[in-house]
Asker: 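Okay, handing you the structure first.
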Amino acid sequence: MSEVRVRFAPSPTGDPHVGNIRTALFNYLYARHTGGKFIVRIEDTDQVRLKEGSDQAIFDSLRWLGMNWDEGPDCGGPHAPYRQSERLELYKKHALELVEKGMAYYCFCSAERLDQMRQIQEAAKKAPMYDRKCLNLTKEEIKAKIDAGEPYVIRLKVPREGTTEFEDIIRGKVSFENSVVDDQVLLKSDGFPTYHLACVVDDHYMGITNVIRAEEWISSTPKHIMLYEAFGWTPPRFAHCPMVLAPDRSKLSKRHGATGVKQFRDLGYLPEALVNFLAFLGWAPQDEREIFSLDELCEAFELERVNKAGAIFDMNKLDWYNGYYIRHIATEDLANRTLPFLEKAGIVPNDHDYLVKCVALVQERMKNLAEAPELLDFFFKQPEYEPSLLIPKKSDVETSKKALAKCKEVLAGLDAWEHDAMEEALRKAAEELGIKSGQILWPLRAALTGKPASPGAFEVTLVLGKKEALARLDIALERLSR
RNA sequence: GCCCUCAUCGUCUAGUGGCCUAGGACAUUGCCCUUUCACGGCAAAGGCACGGGUUCAAAUCCCGUUGAGGGUACCA
């Protein structure tokens, strides 16, 4: 058995969609699991949909998620070029070869005529299909039209009889009546190939052994198989992955919110979380583990275990994964990753050790990196808050004043600036005042953080330092006295 | 319309004829921990789309129905 070779073949139309990236992931995992090669190929055969900078967005996204490739437009390889717009001659040559063999033909029909034809067919409740008007043009007629500069396309001559079937790795046997397959355009009038021609030619010459792609391609697979047969090539093995769906079960699209990989990065998702989540959309291991690193996925992934049914992209689960990874990476690492988000919010931590200490306190509360500023801002500036925040439920102004004054006294007199001593001293203080610990700890915490929810009072006090803590207590006391 | 594909808790899924009284995770609810919010722990609720077969035995096999998704372009 020869080496597995798979490819991710996106068209450069912008920030890659998470659904496409999930397909890329499955390709990548299959390649790494089998010790095969993972190839990136840019399918830029549609000049209309091209978007500037897409190649880079694709490379960035793959790299960000940790998927590296063995051959591609940027790094080359034995079957370069890996950008279809640079292989036009090859496609044209093969289209012509099929015309020569009588398996494809020139078509001079205008877009308008095709449109009209389809409308009539639809009105008659028939499947829209090319009517083969140009199938029987004579050599002379064809030559005359070409010489006259008439635009043309080349169409595959699909047999009207028989069936075409294939064994899908995920779905098993899939079969189509040839009579429902249209005479697909192979070469467009602008000289570019259609996807169908280009991917078959490239997959053949690039030695692709397994075509792993989304379910939406099932219906075009018979056309591809016919092409392999027409050229006399052995088709690769096919595996059609389930679709990634929106919560309403429709195709996940922009109207459902974030769909691009870069969007998720900007929203504060960790690549580890996105990878783990995406891998579990349509695949599950044999055991009940939920947490897998990319390497562990490579180890465990089996194409045969991929599900058939479409999977809804569940943000809740993604959030859980993200929170999980945030809690489990090193604090130092997390601090570095929050930096861009903090800076964007105008928080510029100049003391790295201090930042790490602060991050440690919010690590188990953070669901995504974008929350870092609102979780951490009070560590870097005096917080704004309503005085009422200083008064916990079942307490009152006077008690809070008393408590805060006592805090000042206790903290100022504390020699050992560490957790246990502070806790002991403050709890004792509450006892002396005859109030519950919550009646002293809530005001303290609120005075320091300005938030109803935050890390614990002792931890925050410790990190903020004696001087800052006392200053904030003064401000709190002042606010309560207004 | 036609063609293809699919169908287990709300969601992602385990399950390949008896280990299923259908397991796990997310979400939800309750309790515990607790100065708050989280985290963590414990518990609860919640599912084999429907109808026929086959079989001693079916979530698992077959047929049909329904529903959902995809395709039906000189887009990929």
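Order of the sequence lines sets the chain letters (A, B, ...), proteins ahead of strands, with each chain counted from 1.
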Asker: Using whole Å, what does the distance between atom P of nucleotide B/rU35 and atom CD of A/Glu423 come to?
Answerer: 8 Å
Asker: Parallel, tilted or perpendicular: which describes the rings of A/Phe292 and A/Phe280, with under 30° parallel and over 60° perpendicular?
Answerer: tilted
Asker: Does the base of B/rC74 carry an N or O that pairs as donor and acceptor with the side chain of A/Ser189 under 3.5 Å?
Answerer: yes
Asker: For A/Glu290 and B/rU11, what is the distance between atoms CD and P respectively, to the nearest whole Å?
Answerer: 17 Å
Asker: Going by salt bridge (Lys or Arg N to Asp or Glu O under 4.0 Å), name the pairs with one or both residues in residues 181-199 of chain A, residues two or more places apart or in two chains.
Answerer: A/Arg132-A/Asp183
Asker: Would you tabulate the nitrogen or oxygen pairs shorter than 3.5 Å linking the protein to nucleotides 46-49 of chain B?
Answerer:
none

Asker: For atom C1', what is the distance between B/rC56 and B/rA43, given to the nearest Å?
Answerer: 39 Å
Asker: Say you pick atom P in B/rC4 and the same atom in B/rA45; how far apart are they, in whole Å?
Answerer: 44 Å
Asker: Around A/Glu299, counting heavy atoms of other residues, nucleotides and ligands shown, do more than 12 lie under 6.0 Å from its CD?
Answerer: no
Asker: Any donor-acceptor pair under 3.5 Å between the side chain of A/Lys317 and the base of B/rA25?
Answerer: yes
Asker: Determine the contact category for A/Asn307: base if any of its heavy atoms lies under 4.0 Å from a base atom, sugar-phosphate if only primed atoms, P, OP1 or OP2 are that close, otherwise nothing.
Answerer: sugar-phosphate
Asker: Looking at B/rC37, does its base get a donor-acceptor pair with the side chain of A/Arg365 below 3.5 Å?
Answerer: yes
Asker: If you measure from the P atom in B/rC62 to the same atom in B/rG17, how many Å do you get, rounded?
Answerer: 12 Å
Asker: Quick one: label A/Lys125 by what it contacts on the DNA or RNA (base, sugar-phosphate, nothing), any heavy atom closer than 4.0 Å.
Answerer: sugar-phosphate
Asker: OP1 or OP2 of B/rG70 sitting under 4.0 Å from any side-chain N/O of A/Arg171?
Answerer: no
Asker: Taking the six-membered ring of A/Tyr105 (Phe, Tyr or Trp), confirm whether the NZ or CZ of A/Lys157 is under 6.0 Å from its centre and within 45° of its axis.
Answerer: no
Asker: Could you check whether A/Phe192 gets within reach of a base, just the sugar-phosphate, or nothing at all, counting any heavy atom under 4.0 Å?
Answerer: nothing
Asker: Answer yes or no for A/Arg155 and A/Tyr130: cation-pi contact, defined as NZ/CZ to six-membered ring centre under 6.0 Å and angle to ring axis within 45°.
Answerer: yes
Asker: Classify the nucleic acid contact of A/Pro455 as base, sugar-phosphate or nothing, counting any heavy atom under 4.0 Å across all strands shown.
Answerer: base
Asker: So, does A/Arg118 get its side chain near the phosphate of B/rA73, meaning an N or O under 4.0 Å from OP1 or OP2?
Answerer: yes
